[in-house]
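Heads up, the thing below is written out as C-alpha cells.
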Protein chains: 2
Amino acid sequence: MPKKRRGKRRSGCPLNASVEMLGDRWSLLIIRDMMLRGAKSYKEFLECYEGIATNILADRLRKLVAYGIVTAEPDPSDGRKLNYLLTEKGIDLAPVLTEMVLWAAEHEDTGNQALVRQMRENKEQFLAGVRKRWANRNSPRP
Amino acid sequence: MPKKRRGKRRSGCPLNASVEMLGDRWSLLIIRDMMLRGAKSYKEFLECYEGIATNILADRLRKLVAYGIVTAEPDPSDGRKLNYLLTEKGIDLAPVLTEMVLWAAEHEDTGNQALVRQMRENKEQFLAGVRKRWANRNSPRP
DNA sequence: TAATATCACTTGCATTTCACAAGTAATATA
DNA sequence: TATATTACTTGTGAAATGCAAGTGATATTA
C-alpha cells in the first residue's frame with residue numbers, strides 16, 4: 001500500500017519552505033550549535049542538548065543534508081567520525097538565528113547575555129564574524 | 001501516575017526559548033498570516049493553509065495565547081467570533097519572519113516575488129510598514 | 001594480535017502527536 | 001422558530017517521537 005500523504009502544503013507561499021525544513025524542535029538547535037559553538041560530530045550534538053534521542057538526531061542530520069543545509073564528510077584523522085559542516089545555504093541562516101535570539105532575549109529570560117549584547121550592538125559585525133569563522137573552518141581543505 | 005516529563009531542555013540557552021514557542025510546523029505560519037495577511041479568526045486560519053487540523057489549530061492558538069504572542073478577544077460585532085491579534089511580543093517577530101522569507105527566497109523556489117523584493121530592497125521600511133499596520137489595527141479601541 | 005573502547009548509527013517498543021471526520025454549544029440570521 | 005455560522009471538542013487510526021538496547025566499523029590499548 002502506498003504511503004498516504006498527509007497535509008497538503010502549498011509550497012509557493014513565502015515561509016512555507018523555511019518551515020518545512022526548520023519547523024521542528026531540533027533542526028534550528030543543531031544549526032545553532034554548528035554555527036555558534038563549532039559542533040561538528042554526532043557525539044557533540046548529542047551532548048550539546050541532552051534530551052535529543054539518537055534516532056531523531058540521525059533523522060534530522062539526514063534531512064538537513066538532504067535539504068542542502070549541511071554536508072557530512074568523513075574526518076580525515078578518524079575514519080569512524082563524520083564531520084557535519086554548514087553549507088553556504090546553512091550559514092545563510094545566521095540572520096534568522098540572530099533575530100530569533102534577539103527576540104527571545106527581549107521577551108524571555110535567556111542566557112549568554114554577552115553574546116546577545118554583541119548581536120544587538122553590532123549585528124552586521126557579528127554576522128560578518130560568524131561567516132568569517134565559517135569560511136576559515138572550511139577553506140583549509142583545498 | 002504523574003505525567004512523565006520527557007526531554008529535559010535547558011532554557012537558559014539562547015534560541016531554546018524561541019524554539020520552544022515556534023519550533024513546530026504551524027505556529028510560524030499562523031503568525032505570518034496574522035502579520036502579513038491580516039487573518040484574525042479561526043476560520044480564516046483554517047482556510048489560509050488547508051491542511052491544518054481543527055484540533056491542532058485550536059491547540060496552537062491556545063499555546064500562542066499562553067506564550068503571550070497572541071491575544072483572543074471577542075469580536076464586538078459578532079459574539080460568536082474571537083479575534084486573534086498579535087501582541088507586541090508577537091509583532092516583534094516580524095524581523096524573524098522577514099529573514100526566514102528572504103532566506104527561503106534566496107535558496108528555494110518561493111512565491112510572491114513582489115513581497116520578497118519589497119522586503120529585500122528596503123527591509124527597514126518594510127518592517128516599519130508591518131508595525132504601523134499592526135498599530136492601526138489595534139489602536140482604534142481606546 | 002587480542003581485547004576493549006569509541007563512534008555513528010539502527011531496531012524495537014511504548015507513548016505522544018497528528019490528520020481527518022464527526023459532533024457540540026453559543027450566537028446570529030431568516 | 002428554523003437554519004447557519006463560528007469556534008471549538010471528541011474519537012479513531014496512522015505517523016512521529018522518546019528511550020533503551022543493540023550493531024558494525026574503526027581506533028586504541030595491553
query: Out of C/dC20, C/dC18, D/dA7, which has the shortest distance to the side chain of B/Arg60?
result: C/dC18
- request: Assess the side chains of A/Arg117 and A/Asn112: does a donor N or O sit below 3.5 Å from an acceptor N or O?
  value: no
query: Given atom CG of B/Asp24 and atom P of D/dA16, what is their separation to the nearest angstrom?
result: 16 Å
- prompt: Using 4.0 Å as the upper bound for N to carboxylate O, is an ion pair formed by B/Asp24 and B/Lys63?
  reply: no
Of the listed nucleotides D/dC19, D/dT6, C/dC20, the one nearest the side chain of A/Asn55: D/dC19
- prompt: From the list C/dC20, D/dG18, C/dA8, which nucleotide is the closest neighbour of the side chain of B/Ala53?
  reply: C/dC20
Interatomic spacing from CD in A/Gln113 to CZ in A/Arg120 - rounded to 0.5 Å: 7.0 Å
query: Could one point to a donor on the side chain of B/Thr54 or the base of D/dT9 with an acceptor on the other under 3.5 Å away?
result: yes
task: Starting from C1' on D/dA16, measure out to CZ on A/Arg25 and report it in whole angstrom.
output: 13 Å
task: Mind calculating the distance between OH (A/Tyr42) and P (D/dT23) to the nearest angstrom?
output: 17 Å
statement: Per atom distances to the B/Lys43 side chain, the nearest of C/dT10, D/dG11, D/dA7 is D/dA7
message: Just the rounded figure in Å: distance from P of C/dA8 to CD of A/Glu73.
response: 14 Å
message: Using whole Å, what does the distance between atom C1' of nucleotide D/dT17 and atom NZ of A/Lys63 come to?
response: 11 Å
statement: Whole-Å distance, A/Ile52 CD1 to D/dC19 P, equals 11 Å
query: What is the distance from CG of B/Asp78 to P of C/dA26, rounded to the nearest Å?
result: 16 Å
query: C/dT24 P sits how many Å from B/Arg80 CZ, rounded?
result: 19 Å
- request: For B/Glu44, look at atom CD and say whether over 12 heavy atoms of other residues, nucleotides or ligands are found less than 6.0 Å away.
  value: yes
query: Does OP1 or OP2 of D/dA16 have a side-chain N or O of A/Trp26 closer than 4.0 Å?
result: no
task: Can you measure from CH2 (B/Trp103) to NZ (A/Lys89) and round to the nearest 0.5 angstrom?
output: 5.0 Å
query: What nucleotide, of C/dT10, C/dC18, D/dT9, holds the atom closest to the side chain of B/Ala58?
result: D/dT9
